[in-house]
Amino acid sequence: MTGKIAINEDFCKGCALCVNACPQKLLKTAKHVSKTSYHPAEFVDPEGKCTGCGLCALVCPDVAIQVFRDRKAGGEKK
Amino acid sequence: MTGKIAINEDFCKGCALCVNACPQKLLKTAKHVSKTSYHPAEFVDPEGKCTGCGLCALVCPDVAIQVFRDRKAGGEKK
Amino acid sequence: MEVVYERPRSLFPVATHYCPGCGHGIIHRLVAEVIDELEIREKTVAVAPVGCAVLLYNYLNVDCYEAAHGRAPAIATGCKRVHPHLVVFTYQGDGDFAAIGTAEAIHVAARGEKITTIFVNNAIYGMTAGQMAPTTLIGQKSTTTPAGRKPETAGFPVRMCEIVATLPGAAYVARVSVSSPKNVVQAKKAIKKAFETQVRGLGYSLVEVLSQCPTNWHMTPFESVKWVDEKMALYYPLGEFKVPKEG
Amino acid sequence: MEVVYERPRSLFPVATHYCPGCGHGIIHRLVAEVIDELEIREKTVAVAPVGCAVLLYNYLNVDCYEAAHGRAPAIATGCKRVHPHLVVFTYQGDGDFAAIGTAEAIHVAARGEKITTIFVNNAIYGMTAGQMAPTTLIGQKSTTTPAGRKPETAGFPVRMCEIVATLPGAAYVARVSVSSPKNVVQAKKAIKKAFETQVRGLGYSLVEVLSQCPTNWHMTPFESVKWVDEKMALYYPLGEFKVPKEG
Amino acid sequence: MEKGKVKGIYEDVIMAGFGGQGLMFIGKLLAYSAMKESKHVTWIPSYGPEMRGGTANCTVVVSDEEIGSPVIPRPRAVIVMNNPSLEAFEPRLQSEGLLLANSSFVTRSTTRKDIRATFIPANEIASKVGNEKAANMVMLGAYVACTGIVSKESINKGLEELFGAKREFLAANMLAFEEGVKFVKEKCPKTK
Amino acid sequence: MEKGKVKGIYEDVIMAGFGGQGLMFIGKLLAYSAMKESKHVTWIPSYGPEMRGGTANCTVVVSDEEIGSPVIPRPRAVIVMNNPSLEAFEPRLQSEGLLLANSSFVTRSTTRKDIRATFIPANEIASKVGNEKAANMVMLGAYVACTGIVSKESINKGLEELFGAKREFLAANMLAFEEGVKFVKEKCPKTK
Amino acid sequence: MTEKRFMAGNEAIAEAAIQAGCRFYFGYPITPQNEICEYMSMRLPEVGGTFLQAESEVAAIYMTFGAAGAGARVMTSSSSPGISLMQEGISYIAAAELPCVIVNMMRGGPGLGGIHPSQADYFQATKGGGHGDYHLLVLAPHTAQEAVNLTMLAFDLADKYRNPVMILGDGNMGQMMEPVEFPPPPKTEFSKKGWILDGARNRPRRLIKTLYLDPPVLEKRNLAIASKLSEAVKNEVRFESFMVDDADIVIGAYGTVARIAKTAIKILREKGVKVGLLRPISLFPFPYQQFAKVAESGKKILVVEMSLGQMVQDVQLAVCGKTKVNFYSRVGGVVPGYDEILREVEKVVKESG
Amino acid sequence: MTEKRFMAGNEAIAEAAIQAGCRFYFGYPITPQNEICEYMSMRLPEVGGTFLQAESEVAAIYMTFGAAGAGARVMTSSSSPGISLMQEGISYIAAAELPCVIVNMMRGGPGLGGIHPSQADYFQATKGGGHGDYHLLVLAPHTAQEAVNLTMLAFDLADKYRNPVMILGDGNMGQMMEPVEFPPPPKTEFSKKGWILDGARNRPRRLIKTLYLDPPVLEKRNLAIASKLSEAVKNEVRFESFMVDDADIVIGAYGTVARIAKTAIKILREKGVKVGLLRPISLFPFPYQQFAKVAESGKKILVVEMSLGQMVQDVQLAVCGKTKVNFYSRVGGVVPGYDEILREVEKVVKESG
Ligand SMILES: Cc1ncc(C[n+]2csc(CCOP(=O)(O)OP(=O)(O)O)c2C)c(N)n1
Ligand SMILES: Cc1ncc(C[n+]2csc(CCOP(=O)(O)OP(=O)(O)O)c2C)c(N)n1
Ligand code: SF4
Ligand code: SF4
Ligand code: SF4
Ligand code: SF4
């Protein structure tokens with residue numbers, strides 16, 4: 001099962017709740033500052049470990065995360 | 001055990017709750033109208049059946065009843 | 001013969017303005033008796049409600065505030081905080097305590113304010129002549145539920161003891177009635193416990209008293225006490241809902 | 001790849017004014033998702049509180065009232081009575097629902113008003129910057145309990161679910177949190193049930209959501225969700241307190 | 001309003017007694033009946049807790065002009081059904097005013113010389129015609145007889161329309177009313 | 001107040017930036033220090049929810065007379081720590097006014113010709129002396145150097161008394177302050 | 001002409017509301033206006049409306065807010081202490097520009113006071129007892145019939161200006177029975193479609209709010225409300241001029257006091273005293289010009305109120321020193337008799353030679 | 001001279017209250033006066049006092065009632081919407097003749113409005129936002145130091161007249177920091193022994209009540225309160241006359257606006273424009289005579305307020321048409337700049353030739 005996420009920097013406030021929620025530890029707080037002057041979350045998945053489980057999105061207070069998953073995974077929309 | 005009661009007509013409003021409460025049926029509603037224009041309760045105990053149980057006083061909303069009991073009865077003050 | 005029962009000393013020797021058979025009179029007497037027995041008259045402050053008992057102070061010989069409708073607990077709090085050694089109690093009807101004063105009622109208990117509330121539940125607004133109370137029973141007629149209270153539009157009656165008992169600040173919570181000699185004896189016991197709870201500094205104490213309002217129920221006094229037993233006490237079960245831990 | 005999660009349609013695509021990590025954002029999202037899933041956006045009316053969520057209407061794409069502090073249930077009642085076919089919900093903080101609005105909170109439930117309340121308990125006054133809430137835990141510091149909340153002076157925290165569950169008019173009552181993915185899933189389920197309870201006309205529904213306020217708790221967002229689990233949930237147990245009889 | 005101060009038809013009256021003596025009832029009835037005769041009327045009760053148990057009163061004004069004050073400091077007529085009401089309203093009656101007292105309850109006589117006072121054993125009269133509760137109607141009959149402010153027919157219709165009075169109730173009350181009229185006509189022949 | 005409109009000592013300044021950049025802090029410090037020199041001072045913050053996350057500002061007035069308006073529509077000086085603040089306050093600065101901008105955050109230049117503008121890379125300067133957080137003190141140093149409204153000693157004492165500053169904190173901040181003074185003295189020799 | 005019904009003021013107001021299309025009533029009992037509550041509880045279900053006894057006046061005013069925002073014709077009523085509790089809500093309703101009718105049957109105050117008639121809430125009603133710049137439109141009937149007419153009007157004015165309208169009466173007005181007729185209510189229709197909340201179906205969603213954190217924006221809102229009210233000030237001044245033209249002395253009075261004054265005037269006129277009555281019917285907007293005219297024509301003024309002096313300030317503002325404004329009052333539930341007013345007028349006559 | 005402290009107005013008021021002997025505070029948070037609450041929660045326990053955060057403003061005002069009746073020096077504070085919620089309670093406190101201090105740090109309204117400075121609660125404060133005839137004594141400081149002094153005075157006035165006293169400020173006043181000194185509070189002692197409730201030991205029991213069902217009795221009570229207040233009207237008028245003597249134009253303003261006006265005056269004076277300021281410090285009682293004098297001496301008047309025109313009515317009542325009363329205002333949280341005031345004065349100069 002593979003997946004990926006997209007983080008909308010306009011919404012992200014760098015709270016890092018997603019960083020703690022990701023079971024694969026694929027998120028981290030970025031060094032750079034966003035337009036809104038927060039250090040946003042960054043998705044770093046060089047090895048393609050993201051399962052598209054969506055836990056990051058579940059806890060994101062700013063609805064900044066979009067989650068994609070491989071079709072075959074066939075996961076229901078949450 | 002013998003007792004008696006005194007009804008203060010200035011206070012009595014003739015609600016008759018005491019009439020219903022008396023286990024010996026010694027109270028009744030008087031024919032006459034009091035100064036305060038109620039038919040007060042009347043204590044009628046020709047046979048001396050009053051035990052001084054005080055149930056009438058317990059339910060009187062107008063604190064119109066004083067209860068006496070024979071010393072030997074030795075009942076505690078309620 | 002010895003006097004075994006007479007007017008409590010804390011009660012002024014005057015006739016009340018209550019209707020014939022009204023429960024308020026009995027409850028006043030019980031409060032006065034408890035004050036006498038605990039010998040606290042000189043350190044008691046009463047807070048009268050707005051409702052039929054607004055003139056409470058005409059009968060009880062203690063320092064008294066007359067509150068605004070529903071605000072007796074707030075006034076009692078202000079007083080008690082200034083004089084923690086006093087015994088402060090509120091005397092409130094169901095409109096006062098369970099409708100307009102709900103927030104004050106809940107929060108005085110939540111704070112564990114060391115005061116006592118005598119809550120007279122007569123299922124109706126007495127003073128304003130018979131409108132629905134928050135405690136009016138389903139089906140009961142009142143001047144604002146002329147066809148009987150319907151839960152779909154007017155909601156359900158509120159059980160204050162059950163609510164207040166959920167709050168840690170409440171130390172003693174009981175519901176009694178004054179519908180019969182036996183119930184009057186129980187009622188007095190509860191009122192005494194409530195005051196003792198305060199005197200011992202254990203927290204907030206509440207006694208809900210089911211009380212007859214013959215006038216606005218359009219019943220004779222005797223019918224009204226029967227209605228308390230047969231109707232009210234079904235929805236509002238009598239008993240102690242919370243007692244202080246240490247005895 | 002397929003999009004498996006994205007912004008719910010009922011949520012405007014704008015950034016919120018909430019602090020980083022604030023639970024309000026999650027809860028807004030859940031409400032929006034439920035509205036989308038039940039396909040009720042066009043018949044939903046929200047009543048925003050006074051509190052950090054006062055600007056709720058900047059985010060939710062439904063008809064909205066902005067209430068006065070604590071009065072959302074009364075406004076919702078007025079609206080629902082006029083439009084019984086609408087889905088009306090209030091969104092309220094703990095100051096709003098459990099302090100100033102206590103009477104409205106209790107009575108909207110007592111009436112069994114067919115509305116839903118999302119009650120966000122963050123144990124603090126967020127909008128006014130950190131004063132004690134009725135739900136502030138014992139020992140918790142706030143700007144008005146600088147030495148930590150002491151029950152002797154500031155009383156005990158109020159558990160609203162437990163109170164509301166005593167009322168016959170309340171059909172669904174649950175407490176959830178948004179402190180972890182699992183809890184968020186639970187929270188959404190409860191919110192959905194609450195709205196369904198209303199849609200099915202069963203009575204009043206209440207979901208209390210324990211929510212982190214990192215700013216006024218002076219914690220990082222991660223510390224704050226841990227505090228929800230480790231401290232708040234102890235005093236405020238999660239779970240369903242009342243479910244509609246028919247399923 | 002004071003006699004002679006205005007032209008046209010004008011009467012005012014205060015009716016007072018225990019709650020339960022039916023003063024409010026006859027006050028409303030009088031006003032309603034006069035209204036049905038196309039007159040201007042006002043009826044104003046005393047209100048509030050003092051009504052419970054205590055005494056109650058109402059004021060009726062009937063006129064052929066728009067009515068200004070519905071509150072009458074110095075009434076032209078007073079109907080009193082008990083002693084406290086006599087105490088309260090006797091002094092307020094204007095000179096030449098009409099005092100109608102129910103002597104079944106009012107135990108003292110009037111102290112004023114400048115008024116027209118009639119004492120009517122209304123309860124006894126009402127009892128005699130079979131319905132002591134209609135004592136109020138006896139008093140109303142007396143008042144209407146003294147003032148002629150409305151017709152008997154209007155009262156009859158008023159009873160029917162305003163109180164949806166049942167046939168027997170109607171009859172009993174009208175009987176009492178007529179006894180009141182009769183009493184006045186017999187005892188105070190001066191009255192028109 | 002506008003230059004030349006009053007005699008005696010008088011300065012006003014608006015300081016603006018992100019919440020967290022320490023503007024409120026240096027504003028209070030300036031006012032407090034001037035108070036300790038027996039001057040009249042007012043400090044007034046913007047307040048409310050916009051402070052959370054958004055920008056914040058405060059206004060300081062220092063004078064040797066009683067201060068009238070603490071609110072300054074057209075300030076004599078403006079310290080801006082980010083772009084939004086420049087947008088907001090540059091137009092309000094009075095002619096000949098002093099603009100001090102933290103060029104570490106302010107990315108555009110001024111568009112006005114009638115003012116004295118100085119761009120100070122306050123964060124870089126503060127970093128260099130070991131404490132980037134003291135960028136605010138660099139700006140304050142610059143402002144004090146430009147206006148001479150309080151002495152360095154007063155600022156030092158102010159830090160100690162008002163904020164109960166710890167020794168290290170004190171030293172680090174005063175160092176940054178002096179760098180601000182130095183920067184101005186070097187780059188804008190016109191300043192007194 | 002419709003049939004005359006014999007009704008108490010309180011009932012007349014309630015029935016008039018219903019005939020004006022009011023289908024929602026939220027209230028909390030308080031003497032002396034319980035009959036409004038009770039009548040509504042009986043009548044509204046008959047016409048498919050909703051009566052709801054709120055848990056308090058605070059809740060009642062916000063239920064009214066909710067129903068008004070939902071587009072209904074809605075009313076609440078209370079008496080003095082209850083109206084005080086509504087002040088926050090009234091300010092909110094005015095701020096949100098929601099139409100509704102609020103009845104205050106004034107009783108003696110301050111505090112719990114008494115239950116008898118008073119006019120001591122005039123300032124509260126007309127100058128704003130709540131916070132912020134707003135105004136209620138305030139109508140003060142003096143007969144039951146006028147109570148009917150003004151109640152019907154109130155709903156129209158509320159809709160027209162999207163502003164709460166207050167009917168200001170007193171215990172007497174509420175308890176007194178009089179013949180009343182119910183004329184068919186004016187068929188004015190005000191489109192509410194543009195702002196009511198009823199679900200965002202096929203249209204952008206709507207908002208009812210009062211928070212404007214940005215001062216210039218709030219200022220704009222305030223000025224918009226003010227300009228709307230200044231329209232009302234232009235259009236909605238109502239008053240009765242009773243025998244004023246040839247009068248030397250003009251009584252200024254409203255409500256119950258005004259009708260009592262009329263009796264005094266009748267008696268005085270028969271005595272040859274030229275006295276009239278200028279009776280404000282709308283208390284906001286106040287008939288300043290009418291009083292100014294009276295003053296300019298050199299007539300003396302006597303204001304009579306059941307308050308320690310409230311409306312008299314508006315009269316003073318109107319006459320601006322151009323004539324002496326005399327003042328007489330009874331308070332605490334005491335209703336001035338026509339004999340007292342008569343005496344006062346005679347005093348003014350004497351003083352002015 | 002005591003040491004100068006650098007404090008925000010809100011804190012200064014709180015500290016002044018404590019130094020004046022206030023040991024009880026009941027309140028509910030609201031911007032922009034939270035600092036009073038917070039300061040009290042920190043300081044009162046230090047001095048053996050009691051801070052209690054009430055469940056609402058309604059509860060807060062009645063806790064204040066209770067503590068005042070128990071004989072304590074007690075204060076509550078809020079801002080506009082919260083003060084509206086207190087109106088019933090304020091009326092009760094006035095009716096029961098209990099001394100206490102109420103602070104209103106006004107914000108933009110109506111409704112939720114905004115949190116920025118406003119003066120739109122002037123009528124509510126001075127004419128009575130609650131029901132019935134009563135008046136608060138109202139003091140309006142314009143600097144933090146004056147806030148200190150007036151807060152101390154407020155407690156004394158409250159005791160002296162057994163009447164609630166309001167400190168009327170605004171967001172600016174509360175948030176602004178300034179140097180303040182705390183002079184030893186006046187050592188005035190007012191015996192409360194005669195009426196406080198503290199248990200009927202060795203004395204007849206006492207009552208604190210406001211219900212008087214018999215109108216003549218209530219009327220007497222009302223008149224007694226009125227006569228007490230008329231004493232205050234005689235004795236307690238406070239104002240500042242700033243460069244008024246030789247002025248052609250006098251600005252009428254209070255609080256924050258007044259101090260802004262002072263800057264405008266300084267600038268105008270340097271330009272040679274003779275302008276002064278008459279600043280009411282007590283808003284009730286209002287300095288009517290002082291304004292009347294200004295008008296009589298032919299000076300023009302310009303009233304500047306952060307409201308759509310409230311105090312200006314009192315000024316008009318005072319001048320009674322003897323001079324033109326100009327008016328300028330900003331509302332909704334916008335604070336008028338001295339430059340605007342300056343412009344307005346120049347306009348008035350021009351108009352009056
Ligand atoms: C603010 C306010 N609202 C309403 C009233 C009117 N009022 C007086 S007593 C009362 C209710 C009385 O009922 P309850 O509390 O049950 O007491 P009871 O008279 O039945 O003993 C009401 C609504 C008031 N005085 N003040
Ligand atoms: C009548 C009134 N009182 C007080 C306030 C100030 N106020 C605004 S929000 C709030 C409390 C916010 O706390 P809560 O309800 O817990 O919501 P949160 O901000 O924490 O989400 C208060 C006291 C107000 N606006 N109106
Ligand atoms: S949870 Fe959301 S807001 Fe927080 S850091 Fe992750 S993406 Fe950003
Ligand atoms: S119970 Fe008391 S008041 Fe009632 S009838 Fe008996 S004595 Fe009289
Ligand atoms: S109305 Fe009811 S509660 Fe009130 S005095 Fe009468 S019986 Fe008692
Ligand atoms: S203050 Fe707390 S509740 Fe409010 S937005 Fe910030 S984190 Fe959320």
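In what follows, chains are A, B, ... by sequence order, proteins preceding strands, each numbered from 1.
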Side chain, backbone, both or neither of [X] within contact of chain H (heavy atoms, under 4.5 Å):
X: Leu60(C); result: backbone
X: Val87(C); result: neither
X: Ala110(C); result: neither
X: Val45(C); result: side chain

Calculate, to the nearest 0.5 Å, the distance between atoms [atom1] and [atom2] belonging to [X] and [Y] respectively.
X: Thr77(C); Y: Glu55(H); atom1: OG1; atom2: CD; value: 7.5 Å
X: His107(C); Y: Ser56(H); atom1: NE2; atom2: OG; value: 8.0 Å
X: Leu207(H); Y: Asn58(C); atom1: CG; atom2: CG; value: 7.5 Å
X: Glu66(C); Y: Phe65(H); atom1: CD; atom2: CZ; value: 7.5 Å

Practice task
Check whether Thr210(H) gets within reach of chain C through its side chain, its backbone, both or neither, counting any heavy atom under 4.5 Å.
Solution key: both

Handout entry: Side chain, backbone, both or neither of Phe24(H) within contact of chain C (heavy atoms, under 4.5 Å)
Key = side chain

Can you tell which of [options] has the highest number of heavy-atom pairs within less than 4.5 Å of chain C?
options: Ile61(H), Leu52(H), Val58(H); value: Leu52(H)
options: Ile208(H), Leu197(H), Val74(H); value: Leu197(H)
options: Gly69(H), Gly49(H), Ala72(H); value: Gly69(H)
options: Thr50(H), Ile196(H), Asp198(H); value: Asp198(H)

Donor-acceptor pair, distance only, cut-off 3.5 Å: does the side chain of [X] make one with the backbone of [Y]?
X: Tyr62(H); Y: Ala68(C); answer: no
X: His83(C); Y: Ala70(H); answer: yes
X: Asp63(C); Y: Arg205(H); answer: no

Practice task
Answer whether the closest heavy-atom distance between the side chains of Arg71(C) and Met63(H) falls below 4.5 Å.
Solution key: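 No; the side chains remain at least 4.5 Å from each other.
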
Is it true that atom [atom1] of [X] has more than 12 heavy atoms of other residues, nucleotides or ligands lying nearer than 6.0 Å?
X: Lys228(H); atom1: NZ; result: yes
X: Glu39(C); atom1: CD; result: no
X: Arg203(H); atom1: CZ; result: yes

Completion exercise
If you tally heavy-atom pairs under 4.5 Å between each of Arg41(C), Arg81(C), Lys80(C), Lys43(C) and chain H, the highest tally belongs to Arg81(C)

